[in-house]
Protein chains: 2
Amino acid sequence: MSTYERSCKIRGDGGRAIRGILDRIGDKWTLLVVATLDGPPLRFSELQSRIPGISQRMLTRTVRHLERDGLVSRTVYAEVPPRVQYELTATGRTLIEPAVALADWAIDHNPEIERSQATYDTGTA
Amino acid sequence: MSTYERSCKIRGDGGRAIRGILDRIGDKWTLLVVATLDGPPLRFSELQSRIPGISQRMLTRTVRHLERDGLVSRTVYAEVPPRVQYELTATGRTLIEPAVALADWAIDHNPEIERSQATYDTGTA
DNA sequence: CGGTATCCCGGGAGATACTG
DNA sequence: CAGTATCTCCCGGGATACCG
């Protein structure tokens, strides 16, 4: 199967599939939260401390969205002080692989892309 | 190599790699333009007619960014009326594969995710 | 035909303060 | 500890009008 045929998967139905997934994971924090949860369950504060720069508000929003999508499970323990554990669901774990593929692509091609940008910006074309 | 080890690729250096690529392709149109250019070269108007809903302004912006990143080449023919052809570069074509992997994931898990959302929204937990 | 230039709006996202 | 509430700024992106 050529990439030409395969790329129809992206364009399919006017791009609704790709739009859906980008709405889901294309924001600033979602993939970082997912990657951080790849491993043992973490509490809210652990999650926050492992993701430099994320605000309490954005972490809350992000995990709520992920929970709604069924990619992350949230468990509240009735203790004082409260304890809440987050964990990837089985479905959530399946996202890791394509996400890593994308990260690999980024790492592999970053130098090249930055060179291209520098050339473009110089106007040297 | 476990996904646990691999997911470090995503988190690496505080997530700068993933942030970079999402800034690059995580917007509304970029991946659609790339997928549409997987195949023969297309002119501006052809590109626009194949991507339902994209405005002239956004198509221009998107192809300019892609050109700057070295993922798309832009060729102007000195004719009247003007003709401009867009085409994926070799680097641009390498992006198709991981992008398709992501699209596949979206297609595979969409039903499941929508079910989860429906349940969540009902409050049934 | 293949663009720019300009205006405008909605929502993503940070900072800060408060709460069960 | 693990959130919610509120305010605010910023910018992606659509609509429209004009240009070489």
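Only a predicted model underlies this, so the values are computations on that prediction, with no experimental measurement involved. Labels below follow one simple rule: chain letters A, B, ... track the order of the sequence lines, proteins then strands, and each chain is numbered from 1.
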Is it the case that atom NE2 in A:H65 sees more than 12 heavy atoms from other parts of the structure closer than 6.0 Å? no
Nearest-Å distance for atom pair CD/P, residues B:Q85 and C:dC1: 14 Å
Where do A:L95 and A:L31 come nearest, in terms of heavy atoms and distance? CD2-CD2, 4.5 Å
Please state how far atom CZ in A:R61 lies from atom P in C:dG11, giving the value in whole angstrom units. 11 Å
Would you kindly compare A:S55 and B:P82 by the position of their nearest DNA chain C nucleotide and give the one closer to the 5′ end? B:P82
Please say whether the positively charged group of A:R19, taken as NZ for Lys or CZ for Arg, lies over the ring of B:W29, i.e. under 6.0 angstrom from the six-membered ring centre and within 45 degrees of the axis. yes
Examine the base of C:dG2 for any acceptor or donor lying under 3.5 Å from a partner atom in the side chain of B:R83, and report the outcome as yes or no. no
Could you check whether A:Y86 gets within reach of a base, just the sugar-phosphate, or nothing at all, counting any heavy atom under 4.0 Å? sugar-phosphate
Under a 4.5 Å cut-off applied to non-hydrogen side-chain atoms, are A:V33 and A:L59 in contact? yes
From CE of A:M58 across to P of D:dA2 the rounded distance in Å is 19 Å
Under 4.0 Å from OP1 or OP2 of D:dG3: is there any side-chain N or O of A:R74 that close? yes
Select one nucleotide: of C:dA13, D:dT4, C:dG3, the one nearest the side-chain heavy atoms of A:T60. D:dT4
Between B:D27 and A:Q56, just flag the one whose closest nucleotide in DNA chain D comes earlier from the 5' side. A:Q56
Enumerate the residues from residues 28-43 of chain B whose closest heavy atom to DNA chain D is under 4.0 Å, giving them by residue number; use none for an empty result. B:K28, B:W29
Counting heavy atoms not belonging to A:R16, are there more than 12 under 6.0 Å from its CZ? no
Out of C:dG14, D:dA2, C:dC1, which has the shortest distance to the side chain of B:P81? C:dC1
Can you check whether B:R64 has a side-chain N or O nearer than 4.0 Å to OP1 or OP2 of C:dG3? yes
Can you tell me if the side-chain N/O atoms of B:S45 get under 4.0 Å from OP1 or OP2 in C:dG2? yes
Taking N and O atoms by type only, does the side chain of B:R57 place a donor or acceptor under 3.5 Å from a partner on the base of D:dG14? yes
Donor-acceptor contact below 3.5 Å, side chain B:D69 vs main chain A:I113: no
Separation between OG1 (A:T62) and NZ (A:K28), nearest 0.5 Å, reads 11.0 Å
